[in-house]
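Naming convention: chains lettered A, B, ... in sequence-line order (proteins, then strands); numbering from 1 in each chain.
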2 protein chains.
Amino acid sequence: MTTARRAILRALENSEDHPDALMLHDRAKEFDPTIAQATVYRTMRLLEQEGLVEKHDFGNGRARYEEAEKEQHDHLINLSTGEIIEFHDTNLEALKIEIAKRLGFDLKDHRLELYGVPRE
Amino acid sequence: MTTARRAILRALENSEDHPDALMLHDRAKEFDPTIAQATVYRTMRLLEQEGLVEKHDFGNGRARYEEAEKEQHDHLINLSTGEIIEFHDTNLEALKIEIAKRLGFDLKDHRLELYGVPRE
DNA sequence: TCAAAATATGCGAATGAGTTGCATATGCAG
DNA sequence: CTGCATATGCAACTCATTCGCATATTTTGA
Ligand SMILES: [Mn+2]
Ligand SMILES: [Mn+2]
Ligand SMILES: [Zn+2]
Ligand SMILES: [Zn+2]
């Protein structure tokens, strides 16, 4: 456990949004001003492999991250503002598993994003 | 409508899978041997913007394409083989719309991929 | 049918997120 | 403390995709 890693972990804990690696780099600098981007990339890869972090691709070119501990949820992206809204739906979870099963598979992972505009 | 574009369209029509730009380039060469990769990229971007093609990211680095649709479907990726299985579920479609509505949004787009391994 | 205007192409160079080699610095076990 | 294992910073690299530009093809419309 190094200074750089502690800085990144803290940056992550303090984040309520879904930051990308560059944002995390900036935020981690507050705790370790000399930290390099490469270290952020390496650390995020490590954390993801260890299952401590979830990596998302919301289609803006850069991967976005969040701590894995939270309860299972999916995301709705507000196309007007870019805001990311988290939601959880039990029926949906069950349905995903059931669909996989119907096709002869055990569901190991999934990706679900909804893109919408606010209802006027 | 140019020779290059016709070649790409034909390559796409003849494809039953979800080819990436490089695969399409190879396949299009059959109809226009001098076609350049840049043209494939440009044309796919155009087709996507026109809504004639759907672009997917199945997490292998390269974007995958298919004709915009036959009928609405989602994808299950067999993690053991990489095979892509298409499926359609009415309940799921309805549920996605309903969830968006519940959150105060009109659903404009969505992305759903299931990743699974064959049940033993 | 033809020439000019409009568009698309091929090529190679550029981009940008992410990765990696390597010399140095840091962390940790003894 | 010391020594070895591991992580870091930096710069160079990768790889998919985009772009500039000179040239070629298509389209327009007289
Ligand atoms: Mn989820
Ligand atoms: Mn779909
Ligand atoms: Zn989230
Ligand atoms: Zn498909």
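Atom CZ of B:R6 is separated from atom P of C:dT9 by 11 Å (rounded to the nearest Å). Between the C1' atom of C:dA6 and the CE atom of B:M1 lies a distance of 16 Å, rounded to the nearest Å. For the pair A:R5 CZ and D:dT6 P, the interatomic distance rounds to 11 Å; values are reported in whole Å. As rounded to whole Å, 14 Å separates atom C1' of C:dG27 from atom CG of A:D32. As rounded to whole Å, 13 Å separates atom P of C:dT26 from atom CD1 of A:I35. Rounded to an integer number of Å, the gap from A:D57 CG to C:dG18 C1' is 13 Å. Remark: P of C:dT20 and CE of A:M44 are 17 Å apart, rounded to the nearest angstrom.
A:E48 is not listed as a side-chain neighbour of A:E54, based on a closest heavy-atom distance of 4.5 Å or more. For the pair A:M1/A:R6, a side-chain contact is recorded, criterion being any heavy-atom separation below 4.5 Å from C-beta on.
In this structure, B:T39 does not reach the C:dA8 phosphate: none of its side-chain N or O atoms is under 4.0 Å from OP1 or OP2. Within the structure, a side-chain polar atom (N or O) of B:T2 is placed less than 4.0 Å from OP1 or OP2 of C:dT9. A sub-4.0 Å separation between OP1 or OP2 of C:dG10 and a side-chain N or O of B:T34 is present.
Looking at A:K96 and B:D74, no side-chain N of the basic residue comes within less than 4.0 Å of a carboxylate O on the acidic one, giving no salt bridge. A salt bridge between A:R62 and A:D57 is absent, with no side-chain N of the basic residue lying under 4.0 Å from a carboxylate O of the acidic one.
In this model, a donor atom of one side chain and an acceptor atom of the other lie less than 3.5 Å apart for B:H56 and B:E66. Side-chain polar atoms of B:E86 and B:H73 form a donor-acceptor pair below 3.5 angstrom.
Heavy atoms only, all atoms of each residue included: B:A68 and B:G51 are closest at CB-O, 3.2 Å.
Stacking of A:R64 on the aromatic ring of A:F58 is not recorded, the 6.0 Å distance cut-off and the 45° axial limit not both being met.
Set against C:dG10, D:dT8, C:dT9, the side chain of A:T43 has D:dT8 as its closest nucleotide.
Taken over five-pair windows at either terminus, the axes of the helix from C:dT1-D:dA30 to C:dG30-D:dC1 are inclined to one another by 30° (rounded to 10 degrees).
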Report task. Report, as a single string ordered 5' to 3', how protein heavy atoms within less than 4.0 Å touch nucleotides 15-22 of chain D: B base, S sugar-phosphate only, - not at all. Result -> -SBBBB--
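Residue-environment remark: NZ (B:K29) exceeds the threshold of 12 foreign heavy atoms within 6.0 Å.
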